[in-house]
Amino acid sequence: KNQVEQSPQSLIILEGKNCTLQCNYTVSPFSNLRWYKQDTGRGPVSLTIMTFSENTKSNGRYTATLDADTKQSSLHITASQLSDSASYICVVIFRYNNNDMRFGAGTRLTVKP
Amino acid sequence: KAGVTQTPRYLIKTRGQQVTLSCSPISGHRSVSWYQQTPGQGLQFLFEYFSETQRNKGNFPGRFSGRQFSNSRSEMNVSTLELGDSALYLCASSLGQEIGSPLHFGNGTRLTVT
């Protein structure tokens with residue numbers, strides 16, 4: 001069983017609407033949780049990095065939240081744009097090893113006009 | 001500042017051949033890590049190099065190997081290719097000196113094994 005589970009697997013929304021993507025993890029102990037955006041045919045780009053002591057981090061229209069007690073994170077996208085169409089990947093890093101990462105399978109978001 | 005550059009962008013090989021992929025990190029970044037991305041398995045960590053030394057290794061067979069040069073550029077080699085090696089291979093660079101160093105990914109090399 002993957003230690004990082006993302007939901008939904010895919011999502012279609014209309015331009016201008018908000019949406020929330022979920023990430024549940026069992027990785028423990030962890031040092032930080034990251035959200036990446038990956039456009040088709042390109043490498044992932046970092047959106048947010050949160051340490052275990054942070055519970056929210058914003059990057060423009062993207063806001064990530066973290067509940068370390070329930071081991072859940074969410075990525076909220078406000079006022080979606082067509083360019084938000086991409087895969088969003090949640091990554092959890094073990095506390096003692098920066099390269100011991102667990103990747104979620106990603107959520108494929110499609111924003112339609 | 002130029003981003004992470006991976007070459008070639010696309011590659012087609014046949015089973016049994018070997019392949020070498022190249023990654024040039026962001027200037028000043030000493031850590032380079034490699035990942036395999038497939039639709040079925042998602043992103044998986046292959047290995048990481050820091051100052052020419054392999055610092056961490058994922059759970060891949062010995063057919064997958066890498067190295068890093070003194071200018072931090074890195075190469076990844078896959079020998080005796082199998083059909084299942086078809087994937088997008090991503091490289092990422094970071095300063096690598098502390099937990100939480102952000103990773104900067106290249107756009108990957110799409111390898112197709114026929």
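Chain letters run A, B, ... following the sequence lines, proteins first, then strands; residues in each count from 1. In this text, all values refer to a predicted model and were calculated from it rather than measured experimentally.
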A.B. asks: Pick whichever of V4(B), L88(B), L43(B) has the most heavy-atom pairs under 4.5 Å with chain A.
C.D. replies: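 It is L43(B).
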A.B. asks: Looking at G106(A), G43(A), P44(A), S46(A), which makes the most heavy-atom pairs under 4.5 Å with chain B?
C.D. replies: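 Maximum pair count with chain B is reached by P44(A).
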A.B. asks: Taking atom CZ of R102(A) and atom CD of Q44(B), what is their separation to the nearest 0.5 Å?
C.D. replies: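 Going from CZ on R102(A) over to CD on Q44(B), the span is 10.5 Å.
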A.B. asks: What part of Q6(B) lies closer than 4.5 angstrom to a heavy atom of chain A: side chain, backbone, both or neither?
C.D. replies: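 The answer is neither part of Q6(B).
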A.B. asks: Hey, does I89(A) have a side-chain heavy atom less than 4.5 Å from the side chain of Q37(B)?
C.D. replies: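 In contact.
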A.B. asks: Considering only heavy atoms, which portion of L90(B) lies under 4.5 Å from any heavy atom of chain A: side chain, backbone, both, or neither?
C.D. replies: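 For L90(B), the contact with chain A is made by the side chain alone.
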A.B. asks: Are Y89(B) and M101(A) connected in the hydrophobic side-chain network, where two residues link if heavy atoms are under 4.5 Å apart?
C.D. replies: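 No, no single cluster joins them.
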A.B. asks: If I compare all heavy atoms of F103(A) with all of F45(B), which pair ends up nearest, and what's the gap?
C.D. replies: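 The answer is CE1-N, 4.4 Å.
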A.B. asks: Consider only side-chain heavy atoms of I, L, V, M, F, W and Y, link residues closer than 4.5 Å, and tell whether L46(B) and L11(B) are in one cluster.
C.D. replies: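 L46(B) clusters together with L11(B).
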A.B. asks: Is the count of non-hydrogen atoms from other residues, nucleotides or ligands lying under 6.0 Å from R42(A) atom CZ greater than 12?
C.D. replies: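 Atom CZ in R42(A) is not crowded, with 12 or fewer foreign heavy atoms closer than 6.0 Å.
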A.B. asks: Which bit of R110(B) comes within less than 4.5 Å of chain A, counting heavy atoms only: side chain, backbone, both or neither?
C.D. replies: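 Neither part.
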A.B. asks: Do Y10(B) and Y35(B) sit in the same hydrophobic cluster, where Ile, Leu, Val, Met, Phe, Trp and Tyr count as joined when their side-chain heavy atoms come under 4.5 Å apart?
C.D. replies: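 Different clusters: Y10(B) never reaches Y35(B) through Ile, Leu, Val, Met, Phe, Trp or Tyr contacts under 4.5 Å.
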A.B. asks: For K57(B), is the NZ atom crowded, meaning more than 12 foreign heavy atoms sit under 6.0 Å from it?
C.D. replies: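 More than 12 within 6.0 Å, yes.
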A.B. asks: For R61(A), look at atom CZ and say whether over 12 heavy atoms of other residues, nucleotides or ligands are found less than 6.0 Å away.
C.D. replies: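 Atom CZ in R61(A) is packed in, count exceeds 12.
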A.B. asks: Just wondering, do Y36(A) and L103(B) contact through their side chains at under 4.5 Å, heavy atoms?
C.D. replies: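 Yes; the side chains approach each other to less than 4.5 Å.
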A.B. asks: For atom CG of N59(B), is the number of surrounding heavy atoms from other residues, nucleotides or ligands below 6.0 Å larger than 12?
C.D. replies: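 Counting neighbours around CG of N59(B), 12 or fewer heavy atoms of other residues, nucleotides or ligands fall under 6.0 Å, so no.
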